[in-house]
Amino acid sequence: MSQATDTDATVADTGVIRSVSGPVVTATDLDARMNDVVYVGEEGLMGEVIEIEGDVTTIQVYEETSGVGPGEPVDNTGEPLTVDLGPGMLDTIYDGVQRPLDVLEEKMNSAFLDRGVDAPGIDLEEEWEFTPEVEEGDQVESGDVVGVVPETVTIDHKVMVPPDEEGGVVSETKEGTFTVEEPVVVLEDGTEITMHQEWPVRDKRPTVEKETPTTPLVSGQRILDGLFPLAKGGTAAIPGPFGSGKTVTQQSLAKFADADIVVYIGCGERGNEMTEVIEDFPELEDPKSGNDLMARTCLIANTSNMPVAARESCVYTGITIAEHYRDMGYDVALMADSTSRWAEAMREISSRLEEMPGEEGYPAYLAARLSQFYERAGYFQNVNGTEGSISVIGAVSPPGGDFSEPVTQNTLRIVKTFWALDSDLAERRHFPAINWNDSYSLYRDQLDDWFRDNVAEDWPDKRQWAVDTLDEEDELQEIVQLVGKDALPEDQRLTLEVARFLREAYLQQNALHDVDRYCPPEKTYDILGLIKTFNDEAFDALDAGVPVEEITSVDAAPKINRVATTPDDEYEAFVAEIEENLVEQLRALY
Ligand code: ADP
């Protein structure tokens, strides 16, 4: 993030530190505007103006402030906090203010610097192969693609006219290898277009229109695609009590969801968890291309031992990067883990500012900030005529798993999909531990047409049957707890058996199994169809007077549980075989 230009050259004004309280510093005699980036103290720690009252300017500082004291200078750059956008963001791990971690480490080790280190978000020296997509004499407008750069083995980076440039007639195009700062296309009025753009993180990048999303972000997870689908451009929340499978679920989504680009924001989770992510992700393979998953991923890592203000900014850094790829026409999946830590950072800064606290000490603007963030998700018509989407999946970590706390509650009011991870299910080793009674998706109806057209006409009907059966099981389980299973009438006992297949063969999915970790929607549908066939045939048998025990002991039944782990090119034959045997064996009972 940027100090794209040299600090000294852009200093607009210099003030003096009056007080320091953790990440919050006040200064006097500073001519500043809200959200200006400033450099604080002798060491030049990066900060941002968050309040101006008379002659006193309040700054949140993105680095540790110990040792900084009154009287030291504050330099204002006069520029808002921006991200550097351009090739090189993928396959990179940043901190919350877009400093590449590897560059930071290098600088810190070599020069014994630990603070005040600045590093551009993209490498200014690296050269990229640019191929123009416009010719001399072409008219280009704001946002238009003027050329491409193979950014990674998987992704082509589109070089665009920046949104704040009007465009014009192309007078020169270049082809070959260039750094991000060298002009690659020149317009008649002298405007030089480079591969590098800057954008203020707190402003959303312009689009033409936000459309109603009608395409699912297919995840390959049966419970999600089947029961609680997320739309491309949709919003989802996933609460993650410890050990409930949050990391595994998120990695499955990162790997298998049909997004072109993944932006993963690790926001202030415990240091070691984030280290896990930083170590794990670069090892992961992209199942679609066989390349490294990082070739289409940008990681932003802010551990809780990094300063609190950098946590506050990391979600904005992430979403601005996501918007840049959306502008290229890509479908981006952004995961923020966890938004609770982000909210806590807001709370801490707010309390330092002595603002009036709201619920549980969170600032009154918590709800507004959360909705401004999720608002940047969507399925968009871009300025350059392409369509792109940002789907946002925000993890929440409610203390003690209590969903009534303010961050969870405010998030639930905004997002349209809720995947309730449940520690009880995880304890029972039911994975993914997503509670089907508490979860929901408000996109279901608008995605039905897609599933009807692309998978099966009766997709919504079969899903409804599964939902009803699971609901019924839930009610019956309450009775079973009181009086035991044997006290139930036969038809209800049979319903429990059917529901057990739904849970074990359909909802459960082993993320660690080579085949089962990804389930195409067709297979999701077929497994459900098979359980429905069993249900229908079994109830016919019951009606004809066959006892439940006999029905459930036909030897084709347990095979239903093996479909999920049967390879994609073999499972259809296997499903057909089980179906045939089920019909034959169940009808033979009466
Ligand atoms: P969290 O991040 O919520 O603390 P993890 O994602 O690390 O939890 O999951 C804890 C353990 O649960 C994993 O090590 C794994 O053994 C198991 N697990 C979670 N989800 C699945 C899944 N979908 N399939 C198989 N095992 C799972």
Side-chain angles (χ1 to χ4, degrees), residues 1-3 7-8 11-53 55-82 94-99 101 103-105 107-109 111-119 201-202 267-268 270-271 274 300-317 341-355 361 363:
M1 186 143 335
S2 204
Q3 187 199 352
T7 336
D8 296 336
V11 166
D13 190 49
T14 299
V16 178
I17 295 180
R18 192 179 78 160
S19 70
V20 181
S21 161
V24 175
V25 167
T26 61
T28 50
D29 301 326
L30 187 69
D31 182 14
R33 291 165 305 175
M34 280 297 282
N35 297 337
D36 277 354
V37 169
V38 297
Y39 289 90
V40 173
E42 307 291 355
E43 288 172 281
L45 310 182
M46 190 200 276
E48 186 183 358
V49 173
I50 53 171
E51 195 175 79
I52 302 168
E53 232 183 286
D55 185 39
V56 181
T57 305
T58 308
I59 297 151
Q60 63 179 6
V61 181
Y62 295 122
E63 295 174 86
E64 185 53 49
T65 53
S66 54
V68 178
E72 289 186 40
V74 175
D75 295 333
N76 184 13
T77 64
E79 304 279 340
L81 193 64
T82 57
Y94 290 116
D95 77 353
V97 285
Q98 211 206 1
R99 297 180 301 185
L101 287 193
V103 178
L104 280 189
E105 268 166 24
K107 287 202 180 187
M108 286 180 189
N109 289 341
F112 302 102
L113 282 170
D114 60 348
R115 295 186 301 188
V117 181
D118 214 331
V201 292
R202 296 187 195 275
C267 174
R270 269 155 301 179
M274 208 49 232
I300 296 158
N302 242 280
T303 58
S304 51
N305 45 22
M306 290 183 183
V308 70
R311 267 198 264 162
E312 198 275 329
S313 68
C314 66
V315 301
Y316 298 102
T317 301
R341 296 287 159 322
W342 171 46
E344 282 160 21
M346 259 185 250
R347 174 166 70 182
E348 187 171 332
I349 291 163
S350 166
S351 94
R352 303 255 185 197
L353 292 175
E354 293 176 9
E355 288 172 342

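Being a predicted model, the structure only gives us computed values, none of them experimental.
Partners of Glu355 according to the side chain to side chain donor-acceptor pair (under 3.5 Å) rule, which considers only residues two or more places apart in sequence or in another chain, are Ser350, Tyr365. Judged as a salt bridge (charged side-chain N to carboxylate O under 4.0 Å, His left out), and not counting sequence neighbours, the contacts of Arg202 are Glu48, Glu312. By the salt bridge (charged side-chain N to carboxylate O under 4.0 Å, His left out) test, Glu348 pairs with Arg352, sequence neighbours left out. Taking Asp55 as the reference, Thr28, Asp29 meet the side-chain contact (heavy atoms from CB on, under 4.5 Å) condition, with sequence neighbours excluded. With sequence neighbours left out, Ser19 forms a side chain to side chain donor-acceptor pair (under 3.5 Å) with Thr26. Under the rule for a side chain to side chain donor-acceptor pair (under 3.5 Å), Glu72 has no partner lying at least two apart in sequence or in another chain.
Atom CD1 in Ile349 sits 12.0 Å away from atom CD in Glu51 (nearest 0.5 Å). Residue Met46 holds its CE atom at 4.0 Å from OH of Tyr39, rounded to the nearest 0.5 Å. To the nearest 0.5 Å, atom OG1 of residue Thr14 and atom CG of residue Leu30 are 7.5 Å apart. Between the CD1 atom of Ile52 and the OG1 atom of Thr58 there is a distance of 8.5 Å, given to the nearest 0.5 Å. Here the CD-OG1 distance, from Glu43 to Thr65, works out to 10.0 Å after rounding to the nearest 0.5 Å.
No side-chain heavy atom of Pro70 sits under 4.5 Å from any side-chain heavy atom of Arg18. Contact check for Val24 versus Ile59: no side-chain heavy atoms found under the 4.5 Å cut-off. Using a 4.5 Å heavy-atom threshold, the side chains of Val40 and Tyr62 count as separate.
The minimum heavy-atom distance between Ala301 and Leu101, with the atom names listed, is CB-CD1, 4.4 Å. The two atoms that bring Val74 and Ala27 nearest to each other are CG2-CB, 3.9 Å, heavy atoms only. Looking at every heavy atom in both residues, Cys314 comes nearest to Cys267 through SG-SG, 3.4 Å. Val97 and Thr317 make their closest contact through CA-OG1, 4.4 Å (heavy atoms, listed as atom of the first residue, atom of the second, distance). Scanning both residues, Pro80 and Val37, for their nearest heavy atoms gives C-CG2, 3.6 Å. Thr57 approaches Ala32 most closely through the heavy-atom pair CG2-CB, 4.4 Å.
Checked options Asp75, Val25, Val49; the residue passing with Val38 is Val49 (criterion: side chain to side chain contact (heavy atoms under 4.5 Å, CB included)).
Salt bridge status for Glu79 with Arg33: absent, with no side-chain N to carboxylate O gap under 4.0 Å.
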Legend entry - Pair Ser313-Val201, side-chain contact (heavy atoms from CB on, under 4.5 Å): steps then yes or no: CA-CA 8 Å; Ser313 68; Val201 292; 5.8 Å; no
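Between the side chains of Asp36 and Asn76, at least one donor-acceptor pair of N or O atoms lies under 3.5 Å.
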